[in-house]
Protein chains: 2
Amino acid sequence: MLNAMKTQGRGLAPQQVRGMNRAVVLQLFRRFRQLSRADIARHSGMSEGTVSRIIAELMQERLVSEQGVENSTGGRPGTLLRLDSSHFHAVGAEIQNWETRVAVGTLEGRMVASESFRTPASPPKALDAVADAFRSLSRPYGAERLEGLGVSVRGIVNSESGVLEVGNNPAWTGLAVRAQLEQRVGFPVYVENNIRSAALVEYSLGVPEAHASHSLLYVMVNEGVGMGIVLGGQLYRGPHNAAGEFGQMVIADSPGDGGQDRPGCLESLASNPALCDRYAELSGNPRKSSEETAARARQICYLALQGDEAARQAVTEVSRYLGIGIANAVWGLDADMVVIDGVLTEAWPLVSKAIRNQFPADRELQTFTHLDLRPCFFRGDASLLGAVALPFAHIFNTGQRGVTGNGSARNGGK
Amino acid sequence: MLNAMKTQGRGLAPQQVRGMNRAVVLQLFRRFRQLSRADIARHSGMSEGTVSRIIAELMQERLVSEQGVENSTGGRPGTLLRLDSSHFHAVGAEIQNWETRVAVGTLEGRMVASESFRTPASPPKALDAVADAFRSLSRPYGAERLEGLGVSVRGIVNSESGVLEVGNNPAWTGLAVRAQLEQRVGFPVYVENNIRSAALVEYSLGVPEAHASHSLLYVMVNEGVGMGIVLGGQLYRGPHNAAGEFGQMVIADSPGDGGQDRPGCLESLASNPALCDRYAELSGNPRKSSEETAARARQICYLALQGDEAARQAVTEVSRYLGIGIANAVWGLDADMVVIDGVLTEAWPLVSKAIRNQFPADRELQTFTHLDLRPCFFRGDASLLGAVALPFAHIFNTGQRGVTGNGSARNGGK
DNA sequence: CTGCTTTCTTGCTTATCGCAATAAAGTGGA
DNA sequence: TCCACTTTATTGCGATAAGCAAGAAAGCAG
């Protein structure tokens with residue numbers, strides 16, 4: 001069902017202005033780690049007086065603190081401000097098919113402790129285990145400054161209701177993850193699709209260029225291929241929370257009619273299993289179907305970098321298909337940054353070359369000449385860090401009215 | 001070059017709140033043609049007092065007028081309000097390679113007069129001709145209520161600067177269309193890419209379902225294939241004003257490396273020329289290359305509906321490719337509405353069937369089961385009407401802060 | 001020590017909204 | 001006919017928060 005809330009159409013009260021401007025200020029801190037009040041006024045266009053008042057409020061709440069002074073440029077030096085990570089913590093959990101990882105992190109996105117365990121088969125037990133980890137990990141961080149628990153899961157997640165609408169595993173479909181976990185931990189819980197949370201954290205806490213991008217595509221290659229889309233700083237979810245199904249893109253025609261996972265879709269040509277299969281063909285070692293494809297793919301990447309010809313060719317071919325898909329998406333969305341995640345990136349020199357070969361050669365096409373293509377900053381940790389960042393999102397978003405294709409962000413009381 | 005202005009990062013003053021709320025109210029009038037003040041308060045969440053004050057302001061400016069009363073439901077009946085189209089007019093021009101069309105239209109998007117002529121070969125002469133048409137058409141509509149001139153052109157348009165950065169025809173590349181025309185007509189000029197303006201008008205003035213959609217894709221099939229993307233009611237342009245290059249999407253792999261218009265891209269498989277070529281192959285009549293493909297394609301559509309087997313097959317094959325491309329885009333963006341424009345839609349029953357065949361059969365996939373696929377509401381007039389609507393855009397957008405991937409909308413003084 | 005520059009703070013004015021009281025305009029039952 | 005009741009519209013009041021400008025604070029250069 002379409003989410004009822006549309007982005008546009010809601011009125012705005014003067015009382016909400018402060019919230020929006022607070023968010024603007026906090027976003028600036030993510031982009032430029034430290035700023036003076038005068039810097040903020042210049043970047044945001046707000047008056048210096050307003051900035052002063054907002055900063056006073058944020059310091060009162062201990063979100064921001066003064067950290068040293070600028071060098072003078074002939075006048076009074078500005079006092080440098082930055083996010084104060086010592087008072088706010090959050091816990092994030094990344095629930096994967098086999099493994100669950102839980103971590104504590106700070107407002108600035110630094111991970112300070114983590115643990116992991118094999119994901120219990122039954123959903124209730126898995127949630128119990130997450131709740132246990134939450135309690136043990138969060139114990140050292142005083143309850144009054146713990147923002148809550150963020151969860152990254154595979155599947156179609158309604159982040160507003162906290163329900164996993166279509167699980168990767170049928171047993172999880174329809175599970176009210178938020179409600180269930182809030183009951184267990186007694187803190188606010190935020191749930192998001194794993195790829196989307198990774199995309200968001202890569203945007204907001206990855207390299208500065210990412211935070212400056214207008215249109216970022218985060219591409220995750222593992223058993224399948226998924227895409228997280230961040231447009232104008234806002235995560236784009238789509239009306240059914242289903243945007244980014246990159247793996248279903250057909251890039252090689254084969255006769256017959258549509259359907260899911262039919263021959264020719266990106267996922268069947270560029271993914272860990274595809275890499276393993278192709279390598280098996282080229283090297284003549286049929287692969288055991290039960291094998292864990294991630295580990296095997298890592299091996300193949302290693303071999304490719306060592307000069308093994310079959311591995312090299314397999315990596316190049318798979319990356320070439322990925323490149324076709326990425327070029328399609330970039331043509332369509334005019335993206336200015338593409339971030340690739342997954343074990344395939346371990347052979348980055350080969351991968352990036354094969355991908356770029358699929359870009360048009362025309363030197364006049366700004367879209368491609370300015371495109372920033374790079375491997376994931378947080379490597380395998382993006383989804384987990386994304387989960388950690390979820391409970392902080394409302395602090396940075398209060399009053400945001402951007403386009404997510406969907407109502408978003410709980411409006412947690414401050 | 002990336003446009004300097006980012007959507008986020010700008011502060012907001014309480015004085016801008018009124019502008020935003022005005023815009024919310026005006027958008028509601030586009031969605032529900034007529035409303036009472038109480039209706040507006042309910043839909044927007046604003047208080048009744050605020051709505052009253054905003055409506056008073058809009059009536060003063062003659063943008064809105066009272067038109068009858070509701071039936072009572074047991075209390076005082078509401079006075080119905082609607083946009084007042086009698087006081088505001090704008091002129092739009094659609095400049096195509098061979099033909100230029102110019103029209104006058106109202107605030108509500110009704111065309112009231114139009115003319116067309118062969119596009120002069122040299123850009124300055126073409127702009128002269130547009131300016132002449134502007135003057136003759138706008139004469140009957142008093143100067144004080146003429147909003148300006150909107151222009152739809154092919155190519156990469158920076159709608160903020162009004163410069164045609166990459167023209168479809170090299171002679172037009174780099175032309176400062178806005179500046180040139182403003183000098184000639186003495187009214188504000190707004191320039192936009194033809195597909196984008198068509199997409200926008202299809203969204204805002206087409207069927208009500210379009211205005212209610214969260215993620216609309218407008219697909220224009222002619223010599224090439226282009227896409228206009230409207231997300232959350234905002235046109236998505238991309239950081240280089242280049243989003244929507246749908247025709248470059250590769251959907252049929254062929255060996256070799258990337259580039260523009262290489263075999264396998266959508267445009268080479270689904271477009272008017274592709275239809276003509278395919279029909280020529282199937283029917284055995286080689287087509288004269290000089291032939292105008294639009295007229296020929298129209299013929300083929302007609303033949304297909306009449307039962308000509310070769311035509312039927314050509315239309316179906318071409319639509320099948322189009323369907324693959326559309327399915328790819330819908331998977332990626334989770335679109336809830338797709339509008340198709342171009343002569344191909346004259347064989348709609350065949351076309352829509354072939355497209356739908358490329359959608360996944362799975363009944364559980366909300367994205368596709370809820371997808372609204374239809375032919376363009378304005379048929380061949382979308383780009384022209386879009387041009388007419390451009391000068392009104394700032395009235396409906398004042399203060400909007402949505403994500404366009406780009407700074408947008410001139411802030412014309414009221 | 002005296003200008004000069006830049007940063008930060010604070011009081012005043014202004015815009016605007018929500019709330020609530022009130023007016024207006026209808027229905028329906030006694 | 002009249003009175004209670006419902007829904008719509010208007011208006012005065014109080015509160016929020018921004019911009020502006022005056023001024024304090026804190027450095028540098030001579």
Side-chain angles (χ1 to χ4, degrees), chain A residues 9-26 28 32 34-61 64-82 398-399 401 414, chain B residues 9-25 28 32 34-60 64-82 398-399 401 414:
Chain A
R10 308 302 302 180
L12 186 74
Q15 284 77 351
Q16 301 175 263
V17 170
R18 170 58 61 96
M20 300 186 64
N21 287 339
R22 268 177 58 122
V24 167
V25 170
L26 288 167
L28 284 173
F32 313 93
Q34 46 181 26
L35 300 130
S36 68
R37 292 169 178 78
D39 290 333
I40 294 170
R42 275 187 293 267
H43 279 110
S44 67
M46 293 185 276
S47 72
E48 294 185 341
T50 300
V51 172
S52 248
R53 284 182 282 246
I54 288 176
I55 291 296
E57 198 179 294
L58 294 175
M59 286 178 66
Q60 177 98 41
E61 296 170 34
V64 161
S65 61
E66 299 187 337
Q67 306 264 321
V69 215
E70 279 178 321
N71 291 332
S72 167
T73 60
R76 171 176 173 178
T79 53
L80 287 173
L81 302 157
R82 55 182 308 161
T398 311
R401 294 160 54 81
K414 89 173 174 186
Chain B
R10 308 302 303 179
L12 186 73
Q15 283 78 353
Q16 301 175 262
V17 170
R18 170 58 62 94
M20 299 185 65
N21 287 339
R22 268 177 57 121
V24 168
V25 170
L28 285 173
F32 313 93
Q34 47 181 25
L35 301 131
S36 68
R37 292 168 179 79
D39 290 332
I40 294 171
R42 275 187 293 268
H43 280 110
S44 67
M46 294 184 275
S47 72
E48 293 186 342
T50 300
V51 173
S52 246
R53 284 182 282 246
I54 289 175
I55 291 296
E57 196 179 294
L58 294 175
M59 286 179 65
Q60 176 97 42
V64 161
S65 61
E66 299 187 337
Q67 306 264 321
V69 264
E70 281 178 320
N71 290 332
S72 168
T73 60
R76 172 176 172 177
T79 54
L80 287 173
L81 302 156
R82 55 182 307 161
T398 310
R401 293 159 55 79
K414 89 173 176 184

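In the text below, chain A, chain B and the rest are named by the order of the sequence lines, each starting its count at 1.
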- Message: Heavy atoms from C-beta onward define the side chain here; which of dC8(C), dG11(C), dT11(D) lies closest to that of Arg53(A)?
- Response: dG11(C)
- Query: Does a nitrogen or oxygen in the side chain of Arg37(A) sit under 4.0 Å from OP1 or OP2 of dT6(C)?
  - Reply: no
- Atom CZ of Arg22(B) and atom P of dC17(C) are separated, to the nearest Å, by 11 Å
- Item | Minimum-distance pair of heavy atoms, taken over all atoms of Leu28(B) and Ser44(B) | CD1-CB, 4.1 Å
- Query: Using a cut-off of less than 4.0 Å, is there contact between a side-chain N or O of Thr50(B) and OP1 or OP2 of dG18(C)?
  - Reply: yes
- Given dG18(C), dT16(D), dA9(D), which nucleotide is nearest the side-chain atoms of Ala13(A)? dG18(C)
- Note on the structure: Note: Ser47(A) and Thr50(A) closest approach over all heavy atoms is OG-OG1, 3.0 Å
- Message: Quick one, Arg42(A) and Asp39(A) - any side-chain contact, counting heavy atoms below 4.5 Å?
- Response: yes
- Item | CA sep, side-chain torsions, deciding dist, call: Leu81(B), Met59(B), side-chain contact (heavy atoms from CB on, under 4.5 Å) | CA-CA 10 Å; Leu81(B) 302 156; Met59(B) 286 179 65; 4.2 Å; yes
- Task: Specify the separation, in whole Å, of atom CE of Met20(B) and atom C1' of dA18(D).
- Result: 15 Å
- Gln15(B) CD to dG19(D) P, straight-line distance once rounded to whole Å: 8 Å
- Message: Between Glu70(B) and Gly78(B) (side chain of the first, backbone of the second, donor and acceptor by atom type, cut-off under 3.5 Å), is there such a pair?
- Response: yes
- Message: I want to confirm an ordering. Mapping Gly49(A) and Glu66(B) to their closest nucleotides on DNA chain D, which one lands closer to the 5' end?
- Response: Glu66(B)
- Task: Mind calculating the distance between CG (Leu80(B)) and P (dT8(D)) to the nearest angstrom?
- Result: 11 Å
- Item | Atom pair CD1 (Ile55(A)) and CZ (Arg37(A)), whose distance is rounded to the nearest 0.5 Å | 6.0 Å
- Message: In whole Å, I'd like the distance from the CG atom of Asn21(B) to the P atom of dA15(C).
- Response: 16 Å
- Please give, in whole Å, the distance from dG27(D) C1' to Glu70(A) CD? 12 Å
- Item | Protein proximity profile, nucleotides 21-30 of chain C - base contact B, sugar-phosphate-only contact S, no contact -, cut-off 4.0 Å on heavy atoms | --BBBBS---
- Assign each of Pro14(A) and Ala38(A) to its nearest nucleotide of DNA chain C by heavy atoms, then name whichever residue's nucleotide is nearer the 5' end. Ala38(A)
- Task: Search all heavy atoms of Gly75(A) against all heavy atoms of Ser72(A) and return the closest pair with its distance.
- Result: O-OG, 2.6 Å
- Would you call Ile40(B) and Ile54(B) a side-chain contact if the rule is heavy atoms closer than 4.5 Å? no
- Task: Would you check if Leu12(A) and Asn21(B) make a side-chain contact, meaning some heavy-atom pair closer than 4.5 Å?
- Result: yes
- Message: Side chain of Ser47(A) only, heavy atoms from C-beta on: which candidate in dG19(D), dA18(D), dT16(C) is closest?
- Response: dG19(D)
- Query: Arg18(B) CZ to dA17(D) P: how many Å, rounded?
  - Reply: 18 Å
- Query: Can you check whether Leu58(A)'s main-chain N or O pairs, donor with acceptor, with Glu61(A)'s side chain at less than 3.5 Å?
  - Reply: no
- Query: In whole Å, what is the span from the CD atom of Gln16(A) to the C1' atom of dA15(D)?
  - Reply: 14 Å
- Note on the structure: One would report the end-axis bend of the helix from dC1(C)-dG30(D) to dA30(C)-dT1(D), five pairs per end and rounded to 10 degrees, as 10°
